[in-house]
Amino acid sequence: QQQVKQSPQSLIVQKGGISIINCAYENTAFDYFPWYQQFPGKGPALLIAIRPDVSEKKEGRFTISFNKSAKQFSLHIMDSQPGDSATYFCAATSQNGNAGGTSYGKLTFGQGTILTVHP
Amino acid sequence: KAGVTQTPRYLIKTRGQQVTLSCSPISGHRSVSWYQQTPGQGLQFLFEYFSETQRNKGNFPGRFSGRQFSNSRSEMNVSTLELGDSALYLCASSSAGWGQETQYFGPGTRLLVL
């Protein structure tokens, strides 16, 4: 129930094209869904994130689409650039808190998608 | 603000040894989480510490342990190393509270067990 399934494993896109990565989750307690971008030799960096009370969020060329009933969410990269070539991870987490404070420290990650954008 | 820092960046150990990795979170962050990244298993959650208390634990054997100090710095320890422990170990920190969900990752410590 804790899994997040991500597809495709790898994706090749031409410069200027649209990259689409899909994720599905099972745990309905998840309430925060971030996407991370990771370059070789670096730690993952937050790209964009969404909460289940909205169906879409856009930041620049990056858009998350969220379907709560289907328990699926996807990342769309518009006008893909060679500099976008990296590994992308979807993730999900839920709030964990007490009187001392709230945190979202347990991320469940998808398996990752290696994106290659050809010039 | 300085980002999350991890030391050492690279480490080579032999089977049976133990290792301690260190993480300094972003100033003001109270939550520190640890993850193991391998090509086969991807990114897997190890544990989270919040205000010096372990708040969450992943499905790893007891050889993996951690702690957090009063200044929020954290260490993780792996005892009796196995070949399969070779991985990139990532630390992430975040603030606590609503709207502060973002976890900021460090560059990781690459551990090779021979």
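Side chains included, hydrogens not; waters and symmetry mates left out as well; all remaining heavy atoms used. A note on names: the letters A, B, ... follow the listed sequences, proteins ahead of strands, and every chain is numbered from 1.
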Undergrad: Return yes when atom CZ of B:Arg110 has more than 12 non-hydrogen atoms of other residues, nucleotides or ligands closer than 6.0 Å, and no otherwise.
TA: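 For B:Arg110, atom CZ is not crowded (no more than 12 foreign heavy atoms under 6.0 Å).
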
Undergrad: Is A:Trp35 reachable from A:Ile20 through a run of hydrophobic residues whose side-chain heavy atoms are each under 4.5 Å from the next?
TA: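 In one cluster with A:Ile20: A:Trp35, no.
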
Undergrad: Check A:Gly105 against B:Ser33 and note the closest heavy-atom contact, atom names and distance.
TA: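 In this case the closest contact between A:Gly105 and B:Ser33 is O-OG, 2.6 Å.
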
Undergrad: Which residues, numbered in order, of residues 9-20 of chain B come under 4.5 angstrom of chain A by heavy-atom distance?
TA: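 Within residues 9-20 of chain B, the residues under 4.5 Å from chain A are B:Arg9.
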
Undergrad: Please state whether the side chain, the backbone, both or neither of A:Leu107 comes within less than 4.5 Å of a heavy atom of chain B.
TA: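 Answer is both: backbone and side chain atoms of A:Leu107 are under 4.5 Å from chain B.
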
Undergrad: Heavy-atom distances under 4.5 Å only: say whether B:Tyr49 touches chain A with side chain, backbone, both or neither.
TA: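 Answer is neither: B:Tyr49 stays 4.5 Å or more from chain A.
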
Undergrad: Can you give me the closest heavy-atom contact between B:Gln37 and A:Gln38, atom names plus distance?
TA: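 Closest pair (atom of B:Gln37, atom of A:Gln38, distance): NE2-OE1, 2.9 Å.
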
Undergrad: So for A:Pro34, is it side chain, backbone, both, or neither that comes closer than 4.5 Å to the heavy atoms of chain B?
TA: neither

Undergrad: Taking atom NZ as the centre, does A:Lys5 end up with more than 12 heavy-atom neighbours from other residues, nucleotides or ligands that are less than 6.0 angstrom away?
TA: no

Undergrad: Check whether B:Leu88 gets within reach of chain A through its side chain, its backbone, both or neither, counting any heavy atom under 4.5 Å.
TA: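 The side chain, not the backbone.
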
Undergrad: Check whether more than 12 heavy atoms from other residues, nucleotides or ligands sit under 6.0 Å from atom OH of B:Tyr104, and answer yes or no.
TA: no

Undergrad: Hydrophobic cluster membership, with links at side-chain heavy-atom distances under 4.5 Å among I/L/V/M/F/W/Y: are A:Ile48 and A:Phe30 in one?
TA: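 Yes, A:Ile48 and A:Phe30 fall within the same hydrophobic cluster.
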
Undergrad: Hey, any chance B:Trp34 and A:Leu46 share a hydrophobic cluster, counting ILVMFWY side chains that come within less than 4.5 Å of each other, even indirectly?
TA: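 As far as the 4.5 Å side-chain criterion goes, A:Leu46 and B:Trp34 are not connected within one cluster.
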
Undergrad: Shared ILVMFWY cluster between B:Leu46 and B:Val113, side chains joined below 4.5 angstrom?
TA: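 Yes, because B:Leu46 and B:Val113 connect within a single hydrophobic cluster, where side-chain heavy atoms sit under 4.5 Å apart.
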
Undergrad: If you group Ile, Leu, Val, Met, Phe, Trp and Tyr by side-chain heavy-atom gaps below 4.5 Å, do A:Val54 and A:Phe73 land in one group?
TA: yes

Undergrad: Under 4.5 Å heavy-atom distance to chain A, tell me which part of B:Leu43 shows up: side chain, backbone, both or neither.
TA: both

Undergrad: Near A:Asp53 CG, under 6.0 Å, is it more than 12 heavy atoms from other residues, nucleotides or ligands?
TA: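 Correct, the count exceeds 12.
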
Undergrad: Which one wins on heavy-atom pair count under 4.5 Å against chain B: A:Gly112, A:Pro44, A:Ala91?
TA: A:Pro44

Undergrad: Do you know which two heavy atoms are closest between A:Lys106 and B:Gln103, and how far apart they sit?
TA: N-NE2, 3.9 Å

